[in-house]
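Okay, so here's the structure we're looking at.
All values below come from the heavy atoms of this structure, side chains included, with hydrogens, waters and symmetry mates left out. All residue numbers refer to positions in the sequence shown, counting from 1.
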Amino acid sequence: MPVAAAPIISSVQKLVLYETRARYFLVGSNHAETKYRVLKIDRTEPKDLVIIDDRHVYTPQEVRELLGRLDLGNRTKMGQKGSSGLFRAVSAFGVVGFVRFLEGYYIVLITKRRKMADIGGHAIYKIEDTNMIYIPNDSVRITHPDEARYLRIFQNVDLSSNFYFSYSYDLSHSLQYNLTVLRMPLEMLKSETTQTRPESFDIFEDEGLITQGGSGVFGICGEPYMKYVWNGELLAIIKDTVHRDWLLYIIHGFCGQSKLLIYGRPVYVTLIARRSSKFAGTRFLKRGANCEGDVANEVETEQILCDASVMSFTAGSYSSYVQVRGSVPLYWSQDISTMMPKPPITLDQADPFAHVAALHFDQMLQRFGSPIIILNLVKEREKRKHERILSEELVAAVTYLNQFLPPEHTIIYIPWDMAKYTKSKLCNVLDRLNVIAESVVKKTGFFVNRPDSYCNVLRPDEKWNELGGFVIPTGRLQTGVLRTNCVDCLDRTNTAQFMVGKCALAYQLYSLGLIDKPNLQFDTDAVRLFEELYEDHGDTLSLQYGGSQLVHRVKTYRKIAPWTQHSKDIMQTLSRYYSNAFSDADRQDSINLFLGVFHPTEGKPHLWELPTDFYLHHKNTMRLLPTTRSYTYWWTPEIIKHLPLPYDEVICAENLKKLIVKKFHKHEEEIDIHNEFFRPYELSSFDDTFCLAMTSSARDFMPKTIGIDPSPFTVRKPDETGKSVLGNKSNREEAVLQRKTAASAPPPPSEEAVSSSSEDDSGTDREDEGSVSQRSTPVKMTDAGDSAKVTENVVQPMKEVYGINLFDGLSEEDLSIYSRFVQLGQSQHQQDKSSQQLCSRCPDGVIKLTPISAFSADNIYEVQPPRVDRKSTEIFQAHIQASQGVMQPLKKEDTSVYREYIRNRYLG
């Protein structure tokens with residue numbers, strides 16, 4: 001059965017910018033370079049942007065002819081071969097957008113990219129480098145003295161730092177939304193195709209479908225969620241004039257992916273964080289919310305779990321869970337002019353009817369559904385009232401809003417003073433967070449695109465039966481979301497989100513049939529891998545908002561962090577304080593200019609002349625808003641009707657207008673994700689293959705000792721992990737410092753010892769004795785007894801490393817095996833000598849040898865290739881078809897074997 005719908009893959013993935021004196025020609029092609037599009041940009045306009053898109057799809061031959069004619073027509077002398085009239089300016093992978101300050105327009109191009117994740121064959125790239133090109137030529141350029149300063153401020157936003165894009169996957173929406181759109185009924189897709197046909201009619205894209213009798217695949221492309229798009233303002237000027245394939249939307253935040261190997265079965269764990277572009281800024285300069293309900297430091301974090309053995313959104317298994325962090329939705333701020341580490345919190349405006357909070361939670365109900373769960377981690381008991389101001393106001397706002405909501409959809413408020421429990425020696429912070437996480441995940445549920453497994457039906461779990469969310473015939477939907485906040489939404493929030501994500505990960509693994517109970521324990525390879533992802537996620541978000549990495553990590557709250565971590569925490573605190581005091585104002589100006597919050601205008605104050613940007617982010621201060629919401633019915637009526645489902649995912653007329661639906665050939669490149677991922681038209685190298693280079697639980701976390709259980713769900717001791725104490729540079733230095741502290745009076749290490757301790761171990765293996773002696777150089781050896789003890793600690797026992805003890809005597813069976821191996825080698829050596837002698841005696845090359853072993857041509861130098869039987873070939877072909885979405889029906893013998901297994905395993 002053909003796939004009902006598929007995401008539309010952009011046909012503009014490679015770009016080349018050609019230059020003449022009067023025009024720029026931007027030539028874009030798909031990755032296979034079989035289809036081309038051309039944009040013509042005028043360079044004779046000093047301040048206006050004139051772009052022409054003929055919307056024609058060119059073949060490679062047509063593009064070559066077009067460029068040849070342009071080159072010939074733009075030469076200084078007709079027919080002159082020495083000079084060229086068309087210059088190749090730059091090669092790129094996408095257009096970030098167009099921007100203008102006080103002179104003409106610039107074009108921003110992505111010139112370098114790096115693959116960061118793969119979701120169902122859809123690649124996610126990180127921007128590595130960009131190029132900003134001025135469009136008007138020098139003859140028409142009108143210079144302005146402040147243009148260069150605006151250019152420096154704009155370029156202060158480092159596009160090579162945590163900006164991501166994809167040609168076929170909508171990063172601004174969640175996986176649940178993207179797959180829900182693809183599962184629309186066929187009747188709606190057909191009607192939507194006829195409705196959108198006049199708007200997006202293109203004879204070059206739809207020709208040939210009539211000859212197949214109307215058969216094909218529906219391609220779907222939706223509008224991005226502009227709240228999480230960071231170049232929306234840069235693309236706004238060309239959005240209505242060019243084909244949609246030229247529009248490449250980027251997000252800002254974090255993207256990381258690791259591979260969890262479960263007995264050889266690859267499962268990808270992906271973490272995507274989307275930072276809001278509304279009311280965006282730095283730590284002390286952006287607090288609370290603006291008049292439209294957008295809060296500071298709002299980040300949507302989504303963890304995606306997928307079975308990588310099947311690459312298809314229809315046949316594969318996918319699961320996701322979404323949670324949100326954001327500042328307390330009130331009018332509040334902190335005055336940093338006092339140069340205090342913790343400036344006092346002040347409420348800027350009185351809001352007795354919780355107008356700002358109502359707008360904020362209305363947005364969340366529309367995107368996530370109900371229930372909205374607030375986990376408030378700010379302090380509740382303080383000697384001097386500081387953080388408690390926010391708690392009291394937030395409780396009052398939630399209480400006021402809840403009295404008008406239906407009881408089944410009220411906002412759930414969970415206050416928990418995390419700092420107080422951390423200081424207590426009697427309370428375990430993570431245990432309490434685990435209890436909260438269980439209750440939260442049970443209320444919201446999670447998304448999975450497949451129904452419950454038959455094994456879960458046979459042996460249902462108590463926790464699984466209590467799970468919330470919305471159950472549909474094809475799986476489960478997450479309804480509602482957890483919103484976590486502290487004051488900064490950095491350290492405490494990241495640890496709380498990790499615990500909730502860990503709990504949700506257990507349910508996701510259970511739903512895919514990978515574990516027998518929805519529970520994960522610490523110190524397992526799976527949790528260590530997930531914790532490392534969340535550490536990178538927290539560090540990245542903290543650098544973007546606070547100016548430093550995380551100060552308190554998961555290990556800090558587990559109280560197992562090494563003593564050297566305290567000094568690092570102090571350095572991160574100082575780094576954060578320095579960034580907030582001296583560099584945050586410049587970063588805020590750059591963000592305001594990049595996002596289009598401030599537009600430079602001739603005759604008006606410049607960006608650096610404004611005393612504050614308060615009026616830029618609060619539009620009600622400059623003009624009256626057109627509508628005033630009701631103080632009691634504060635929600636949008638259409639949203640309440642469809643709760644607990646999120647209104648954005650409901651199939652209705654308003655949401656259908658946001659979709660572009662087209663019909664393609666079955667093997668058209670725009671919807672063939674298999675061809676896009678594997679790229680059979682180009683030579684691939686294993687060294688460049690992303691799935692082999694990503695972090696793996698087996699390679700990076702599983703112990704290397706023989707005999708250890710390879711399951712990633714086995715609890716291991718700290719010294720059993722793949723990332724051992726001597727695994728990398730920083731850990732080795734910590735280990736050397738700890739050993740130096742253990743010694744009574746260590747001498748200063750020599751230069752040779754320091755250099756050897758800082759070397760990377762990723763190269764070739766050295767001899768055990770040499771490496772041990774180098775690593776133990778900083779330790780003072782007092783006597784023979786002490787040296788034996790130190791060596792015992794550094795050198796691992798031979799039994800643990802090799803699985804055997806070489807000092808023990810060998811058994812008779814091992815000796816017989818070894819003697820047969822030696823005889824086999826000697827016989828082969830005799831065979832080589834005899835063959836040389838025979839060759840010298842027989843010039844005609846005819847040699848008759850007597851076989852010396854029972855194996856025909858198998859020996860220690862030569863092995864015959866194995867023969868593949870018919871059944872193995874059929875299994876391999878079925879595996880290939882499964883990756884393309886064609887599943888094999890179960891045979892009678894398969895069903896009987898499964899029933900026999902269940903009967904013997906659980907009913908016997």
Side-chain angles (χ1 to χ4, degrees), residues 9-19 24-33 36-37 39 41 87-99 105-119 121-135 151-169 171-172 229-232 234-235 238 245-257 270 272-275 536 539-540 543-544 590-591 594 676-677 679 681-695:
I9 304 170
S10 174
S11 60
V12 178
Q13 300 187 19
K14 293 181 177 179
L15 294 91
V16 179
L17 185 67
Y18 294 95
E19 173 187 1
Y24 271 127
F25 293 92
L26 192 60
V27 181
S29 70
N30 58 358
H31 195 276
E33 298 184 1
Y36 290 82
R37 292 183 180 273
L39 279 184
I41 306 173
F87 300 94
R88 178 170 178 152
V90 66
S91 299
F93 296 102
V95 180
V96 176
F98 298 82
V99 64
Y105 275 90
Y106 297 83
I107 181 174
V108 186
L109 298 174
I110 301 171
T111 56
K112 190 181 292 184
R113 68 185 183 186
R114 180 160 60 99
K115 189 173 180 180
M116 294 299 296
D118 170 66
I119 302 176
H122 301 267
I124 299 175
Y125 296 97
K126 177 181 178 291
I127 299 177
E128 289 287 302
D129 197 9
T130 57
N131 197 351
M132 200 168 177
I133 301 173
Y134 188 68
I135 293 177
L151 183 61
R152 286 196 302 271
I153 293 174
F154 182 87
Q155 291 178 336
N156 197 25
V157 175
D158 187 7
L159 283 171
S160 63
S161 175
N162 308 117
F163 284 88
Y164 306 91
F165 67 93
S166 176
Y167 298 112
S168 55
Y169 184 81
L171 286 173
S172 65
V229 173
W230 276 65
N231 63 334
L234 302 179
L235 294 175
I238 64 168
D245 285 351
W246 292 102
L247 305 177
L248 187 65
Y249 295 101
I250 64 176
I251 68 167
H252 184 39
F254 174 80
C255 180
Q257 188 173 57
T270 312
I272 300 176
R274 310 174 184 91
R275 180 174 291 280
D536 296 341
D539 284 337
T540 303
L543 277 168
Q544 294 166 7
S590 303
I591 293 172
F594 184 86
E676 173 73 14
F677 179 75
R679 296 177 181 175
Y681 45 80
E682 68 178 20
L683 183 64
S684 302
S685 171
F686 281 124
D687 295 335
D688 302 330
T689 305
F690 174 73
C691 62
L692 299 179
M694 74 168 68
T695 303

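- With sequence neighbours excluded, no residue forms a salt bridge (Lys or Arg N to Asp or Glu O under 4.0 Å) with Asp536.
- Residues satisfying the side chain to side chain donor-acceptor pair (under 3.5 Å) test with Tyr167, not counting sequence neighbours, are Arg113.
- By the ring pair (Phe, Tyr, Trp, His ring centres under 6.0 Å) test, Phe254 is found to be paired with His537, residues two or more places apart in sequence or in another chain being considered.
- Here Glu128 pairs with Arg114, Lys126 under the side chain to side chain donor-acceptor pair (under 3.5 Å) rule; sequence neighbours left out.
- A heavy-atom distance below 4.5 Å is found between the side chains of Leu151 and Met132.
- Between Tyr164 atom OH and Ile250 atom CD1 the span is 11.5 Å, to the nearest 0.5 Å.
- Residues Val95 and Leu39 form no side-chain contact, since every pair of their non-hydrogen atoms from C-beta on lies 4.5 Å or further apart.
- Partners of Ser160 under the side chain to side chain contact (heavy atoms under 4.5 Å, CB included) rule, at least two apart in sequence or in another chain, are Asp158.
- Residues Ile251 and Arg275 are not in side-chain contact: their nearest non-hydrogen atoms beyond the backbone lie 4.5 Å or more apart.
- Residues forming a salt bridge (Lys or Arg N to Asp or Glu O under 4.0 Å) with Lys14 (at least two apart in sequence, or on another chain): Glu33.
- Two residues are said to be in side-chain contact when any heavy atoms from C-beta on lie closer than 4.5 Å; Trp246 and Leu26 meet this criterion.
- Looking at heavy atoms from C-beta onward, Leu15 lies out of side-chain contact with Ile110 at the 4.5 angstrom threshold.
- Looking at residues two or more places apart in sequence or on another chain, you find no ring pair (Phe, Tyr, Trp, His ring centres under 6.0 Å) involving Phe98.
- The minimum heavy-atom distance linking Ser168 with Ile9 is given by the pair CB-CG1, 3.8 Å.
- Distance check, rounded to the nearest 0.5 Å: CG of Leu171 to CD1 of Ile124 gives 4.5 Å.
- Under the 4.5 Å side-chain criterion, counting only non-hydrogen atoms from C-beta, Phe163 is not in contact with Asn231.
- The closest donor-acceptor contact from the side chain of Ser10 to the backbone of Asp245 lies under 3.5 Å.
- Evaluation of the ring pair (Phe, Tyr, Trp, His ring centres under 6.0 Å) rule for Phe154 yields Phe101, Phe594 as partners, not counting sequence neighbours.
- When all heavy atoms of Ala123 and Ser166 are compared, the closest pair comes out as O-OG, 2.8 Å.
- Considering all non-hydrogen atoms of both residues, Ser11 and Arg37 come closest at OG-NE, 3.7 Å.
- Among all heavy-atom pairs drawn from Met116 and Phe690, the shortest one is O-CZ, 3.1 Å.
- The OG1 atom of Thr270 sits 8.0 Å away from the CG atom of Asp118 when rounded to the nearest 0.5 Å.
- Across every non-hydrogen atom of Lys115 and Phe677, the tightest pair is NZ-CE1, 3.9 Å.
- Contacts of Arg679 classified as side chain to side chain contact (heavy atoms under 4.5 Å, CB included), with partners at least two apart in sequence or in another chain: Gln13, His31, Tyr125, Glu676, Tyr681, Glu682.
- Taking the ring pair (Phe, Tyr, Trp, His ring centres under 6.0 Å) definition, one finds that Tyr134 meets it with Tyr106, sequence neighbours left out.
- Legend: residues meeting side chain to side chain contact (heavy atoms under 4.5 Å, CB included) with Thr130, ordered by chain and number and at least two apart, are Val108, Ile127, Leu159.
- Every residue two or more places apart in sequence or in another chain that forms a side chain to side chain contact (heavy atoms under 4.5 Å, CB included) with Ile133 is listed here: Leu17, Tyr24, Val90, Ile107, Leu109, Asn131.
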